[in-house]
Visitor: 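Structure below; questions to follow.
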Amino acid sequence: MIGKNLRRIGATAGVVAALVTVAVFSATNATGSQVEPSVPGTLRVFAGPYEQAQFCEGGPTPVISGTNGGALAASPTAFGKDAGKNRSYHSLRATFEVAKPGEAALITKTERIWPNGMVFNLALSAGELKPGEYQFRLHTIGGSQVSAWTPWCAFTVTQ
(Lines give C-alpha, C1' and ligand atoms only; values in the text may rest on other atoms or scores of the structure.)
Protein backbone atom coordinates (compact mmCIF):
# COMPACT_ATOMS: atom_id res chain seq x y z
CA MET A 1 0.00 0.00 0.00
CA ILE A 2 2.80 2.41 0.92
CA GLY A 3 4.69 1.53 -2.29
CA LYS A 4 1.56 2.24 -4.33
CA ASN A 5 1.14 5.67 -2.71
CA LEU A 6 4.83 6.49 -3.25
CA ARG A 7 4.48 5.63 -6.96
CA ARG A 8 1.44 7.91 -7.20
CA ILE A 9 3.29 10.74 -5.44
CA GLY A 10 6.31 10.23 -7.70
CA ALA A 11 4.14 10.24 -10.83
CA THR A 12 2.30 13.36 -9.65
CA ALA A 13 5.60 15.12 -8.94
CA GLY A 14 6.84 14.21 -12.42
CA VAL A 15 3.71 15.65 -14.04
CA VAL A 16 3.96 18.84 -11.97
CA ALA A 17 7.64 19.24 -12.89
CA ALA A 18 6.82 18.79 -16.58
CA LEU A 19 4.02 21.37 -16.38
CA VAL A 20 6.23 23.87 -14.59
CA THR A 21 8.93 23.39 -17.24
CA VAL A 22 6.41 23.98 -20.03
CA ALA A 23 4.99 27.04 -18.25
CA VAL A 24 8.45 28.54 -17.67
CA PHE A 25 9.54 27.84 -21.27
CA SER A 26 6.28 29.32 -22.62
CA ALA A 27 6.61 32.42 -20.46
CA THR A 28 10.22 32.88 -21.54
CA ASN A 29 9.30 32.36 -25.17
CA ALA A 30 6.29 34.70 -24.97
CA THR A 31 8.18 37.49 -23.23
CA GLY A 32 11.48 36.95 -25.04
CA SER A 33 12.26 38.46 -28.37
CA GLN A 34 9.48 38.03 -30.88
CA VAL A 35 10.32 36.02 -33.95
CA GLU A 36 10.91 38.42 -36.81
CA PRO A 37 8.92 37.63 -39.93
CA SER A 38 10.99 36.18 -42.75
CA VAL A 39 10.08 35.28 -46.30
CA PRO A 40 7.97 32.10 -46.06
CA GLY A 41 9.32 28.94 -47.65
CA THR A 42 8.24 25.63 -49.11
CA LEU A 43 5.20 26.87 -51.00
CA ARG A 44 2.77 24.07 -51.78
CA VAL A 45 -0.71 23.31 -53.07
CA PHE A 46 -3.19 20.72 -51.79
CA ALA A 47 -5.94 19.35 -54.06
CA GLY A 48 -7.95 18.23 -51.01
CA PRO A 49 -7.71 17.62 -47.27
CA TYR A 50 -6.31 14.10 -47.69
CA GLU A 51 -4.14 14.74 -50.75
CA GLN A 52 -0.36 14.94 -50.71
CA ALA A 53 1.33 18.31 -51.05
CA GLN A 54 2.27 19.43 -54.55
CA PHE A 55 5.40 21.54 -54.16
CA CYS A 56 5.96 24.67 -56.22
CA GLU A 57 9.65 24.07 -56.79
CA GLY A 58 11.25 21.12 -58.52
CA GLY A 59 8.19 19.41 -59.95
CA PRO A 60 5.26 19.71 -62.30
CA THR A 61 2.81 22.60 -61.95
CA PRO A 62 0.42 21.83 -59.07
CA VAL A 63 -3.22 21.12 -60.02
CA ILE A 64 -6.46 21.48 -58.07
CA SER A 65 -10.09 20.98 -59.02
CA GLY A 66 -12.31 24.04 -59.23
CA THR A 67 -15.25 21.81 -58.33
CA ASN A 68 -13.63 20.55 -55.12
CA GLY A 69 -11.45 23.51 -54.12
CA GLY A 70 -8.12 23.07 -52.40
CA ALA A 71 -5.58 24.88 -50.27
CA LEU A 72 -2.43 26.96 -50.67
CA ALA A 73 0.21 26.65 -47.97
CA ALA A 74 3.70 27.68 -46.89
CA SER A 75 5.98 27.38 -43.89
CA PRO A 76 7.13 30.41 -41.86
CA THR A 77 10.71 29.50 -42.87
CA ALA A 78 12.25 26.94 -45.20
CA PHE A 79 11.92 23.36 -43.91
CA GLY A 80 14.76 22.37 -41.63
CA LYS A 81 16.11 25.88 -41.12
CA ASP A 82 15.06 26.10 -37.47
CA ALA A 83 14.74 22.40 -36.66
CA GLY A 84 15.32 21.77 -32.96
CA LYS A 85 15.47 25.43 -31.95
CA ASN A 86 12.05 25.46 -30.22
CA ARG A 87 10.94 28.59 -32.00
CA SER A 88 7.36 29.74 -31.84
CA TYR A 89 5.74 31.36 -34.84
CA HIS A 90 2.29 31.64 -33.23
CA SER A 91 2.29 35.44 -33.38
CA LEU A 92 2.77 35.55 -37.17
CA ARG A 93 0.17 36.07 -39.88
CA ALA A 94 0.50 35.85 -43.65
CA THR A 95 -1.15 37.76 -46.46
CA PHE A 96 -1.85 35.63 -49.53
CA GLU A 97 -2.37 37.00 -53.04
CA VAL A 98 -3.92 34.84 -55.77
CA ALA A 99 -3.93 36.13 -59.35
CA LYS A 100 -3.96 35.10 -62.98
CA PRO A 101 -0.47 35.57 -64.46
CA GLY A 102 0.15 39.20 -65.40
CA GLU A 103 -3.10 40.42 -63.78
CA ALA A 104 -4.08 42.10 -60.51
CA ALA A 105 -4.84 39.95 -57.47
CA LEU A 106 -8.25 38.25 -57.45
CA ILE A 107 -7.92 37.22 -53.81
CA THR A 108 -6.00 39.04 -51.07
CA LYS A 109 -6.50 37.55 -47.65
CA THR A 110 -4.58 37.60 -44.35
CA GLU A 111 -4.61 34.40 -42.31
CA ARG A 112 -3.25 33.50 -38.88
CA ILE A 113 -0.74 30.68 -38.69
CA TRP A 114 -2.25 27.28 -37.90
CA PRO A 115 -2.42 26.31 -34.22
CA ASN A 116 0.71 24.16 -34.59
CA GLY A 117 2.64 27.36 -35.39
CA MET A 118 4.28 25.86 -38.47
CA VAL A 119 1.89 26.30 -41.44
CA PHE A 120 0.26 29.23 -43.21
CA ASN A 121 -2.85 28.05 -45.07
CA LEU A 122 -5.41 29.60 -47.41
CA ALA A 123 -8.43 27.40 -48.12
CA LEU A 124 -10.03 27.72 -51.54
CA SER A 125 -13.67 26.70 -51.52
CA ALA A 126 -15.38 24.80 -54.30
CA GLY A 127 -16.13 27.09 -57.25
CA GLU A 128 -14.03 29.98 -55.90
CA LEU A 129 -11.66 29.80 -58.88
CA LYS A 130 -12.74 29.02 -62.45
CA PRO A 131 -10.63 26.64 -64.56
CA GLY A 132 -7.40 28.22 -65.79
CA GLU A 133 -3.86 29.19 -64.84
CA TYR A 134 -3.22 30.99 -61.53
CA GLN A 135 -0.37 31.93 -59.24
CA PHE A 136 -0.06 32.77 -55.56
CA ARG A 137 2.44 34.40 -53.26
CA LEU A 138 2.48 35.52 -49.65
CA HIS A 139 4.40 37.54 -47.10
CA THR A 140 4.62 37.26 -43.33
CA ILE A 141 3.46 39.85 -40.80
CA GLY A 142 4.76 39.97 -37.24
CA GLY A 143 3.81 42.97 -35.12
CA SER A 144 4.66 46.04 -37.19
CA GLN A 145 7.19 44.18 -39.37
CA VAL A 146 6.46 42.66 -42.78
CA SER A 147 8.67 40.30 -44.79
CA ALA A 148 9.30 40.52 -48.50
CA TRP A 149 6.95 38.62 -50.84
CA THR A 150 7.72 35.05 -51.85
CA PRO A 151 8.24 34.31 -55.54
CA TRP A 152 5.01 33.47 -57.37
CA CYS A 153 3.91 29.80 -57.34
CA ALA A 154 2.01 28.80 -60.49
CA PHE A 155 -0.86 26.31 -60.28
CA THR A 156 -3.67 25.11 -62.53
CA VAL A 157 -7.37 24.85 -61.71
CA THR A 158 -9.27 22.15 -63.62
CA GLN A 159 -13.00 21.45 -63.76
Side-chain angles (χ1 to χ4, degrees), residues 18 21-159:
T21 302
V22 168
V24 168
F25 175 77
S26 297
T28 303
N29 197 17
T31 58
S33 62
Q34 179 171 333
V35 176
E36 290 185 23
S38 62
V39 176
T42 320
L43 278 66
R44 50 206 182 270
V45 176
F46 292 91
Y50 304 107
E51 299 294 328
Q52 290 186 3
Q54 302 173 67
F55 294 94
C56 295
E57 292 182 19
T61 301
V63 177
I64 63 171
S65 164
T67 305
N68 298 329
L72 311 174
S75 300
T77 62
F79 278 156
K81 183 178 177 186
D82 290 330
K85 292 189 179 178
N86 294 321
R87 293 193 183 228
S88 173
Y89 299 97
H90 287 89
S91 62
L92 298 180
R93 296 173 291 136
T95 298
F96 286 81
E97 282 189 349
V98 179
K100 288 191 164 277
E103 296 183 16
L106 298 168
I107 300 170
T108 301
K109 189 169 183 184
T110 301
E111 295 284 346
R112 296 188 90 51
I113 199 161
W114 272 32
N116 68 6
M118 298 307 291
V119 178
F120 294 115
N121 185 71
L122 176 66
L124 299 171
S125 58
E128 190 168 1
L129 296 176
K130 303 295 180 221
E133 303 299 316
Y134 293 89
Q135 59 187 8
F136 82 95
R137 67 180 182 170
L138 65 150
H139 67 185
T140 307
I141 305 163
S144 61
Q145 297 180 324
V146 178
S147 75
W149 288 98
T150 64
W152 288 101
C153 169
F155 65 100
T156 301
V157 176
T158 62
Q159 295 246 340

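We're numbering straight along the sequence, starting at 1. Atoms considered below: every heavy atom in the structure, side chains included; atoms not considered: hydrogens, waters and symmetry mates.
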Visitor: Using side chain to side chain contact (heavy atoms under 4.5 Å, CB included) as the criterion, list what pairs up with Arg112, not counting sequence neighbours.
Guide: Arg93
Visitor: Would you compute the distance between atom OH of Tyr134 and atom OG1 of Thr156 and round it to the nearest 0.5 angstrom?
Guide: 10.5 Å
Visitor: Can you name the closest pair of heavy atoms from Gly117 and Pro76 and give their distance?
Guide: O-CG, 4.1 Å
Visitor: Name each donor-acceptor pair under 3.5 Å that joins a side chain in residues 120-127 to protein atoms two or more places apart or in another chain, with its distance.
Guide:
{"residue": "Ser125", "atom": "OG", "partner": "Glu128", "partner atom": "OE1", "Å": "3.3"}

Visitor: Please determine whether the number of non-hydrogen atoms from other residues, nucleotides or ligands lying under 6.0 Å from atom NZ of Lys130 exceeds 12.
Guide: no
Visitor: What closest approach, in Å, do Ala154 and Pro62 show between heavy atoms, and which atom pair accounts for it?
Guide: O-CD, 3.2 Å
Visitor: Kindly indicate whether the side chain of Arg44, heavy atoms from C-beta on, has any atom under 4.5 Å from the side chain of Cys153.
Guide: no
Visitor: With heavy-atom distances below 4.5 Å as the criterion, would you say the side chains of Thr150 and Phe136 are in contact?
Guide: no
Visitor: State the CZ-OG1 distance between Phe155 and Thr61, to the nearest 0.5 angstrom.
Guide: 11.0 Å
Visitor: Looking only at non-hydrogen atoms, find the nearest pair between Gly142 and Pro37 and report the distance.
Guide: N-CG, 3.7 Å
Visitor: About how many Å separate OG1 of Thr110 and CG of Leu138, when rounded to the nearest 0.5 Å?
Guide: 10.0 Å
Visitor: Work out which heavy atom in Ile113 is nearest to a heavy atom in Val119; give both atom names and the distance.
Guide: CG1-O, 3.2 Å
Visitor: Quick one: CZ on Arg137 to CH2 on Trp152, what's the gap to the nearest 0.5 Å?
Guide: 4.5 Å
Visitor: Rounded to the nearest 0.5 Å, what separation is found between the CD1 atom of Ile64 and the CD atom of Gln54?
Guide: 8.5 Å
Visitor: If you compare all heavy atoms of Ala99 against all heavy atoms of Ala104, which two are closest, and at what distance to 0.1 Å?
Guide: CB-O, 3.6 Å
Visitor: Counting heavy atoms not belonging to Trp114, are there more than 12 under 6.0 Å from its CH2?
Guide: no
Visitor: Out of curiosity, Glu133 CD to Glu103 CD, how far, rounded to the nearest 0.5 Å?
Guide: 12.0 Å
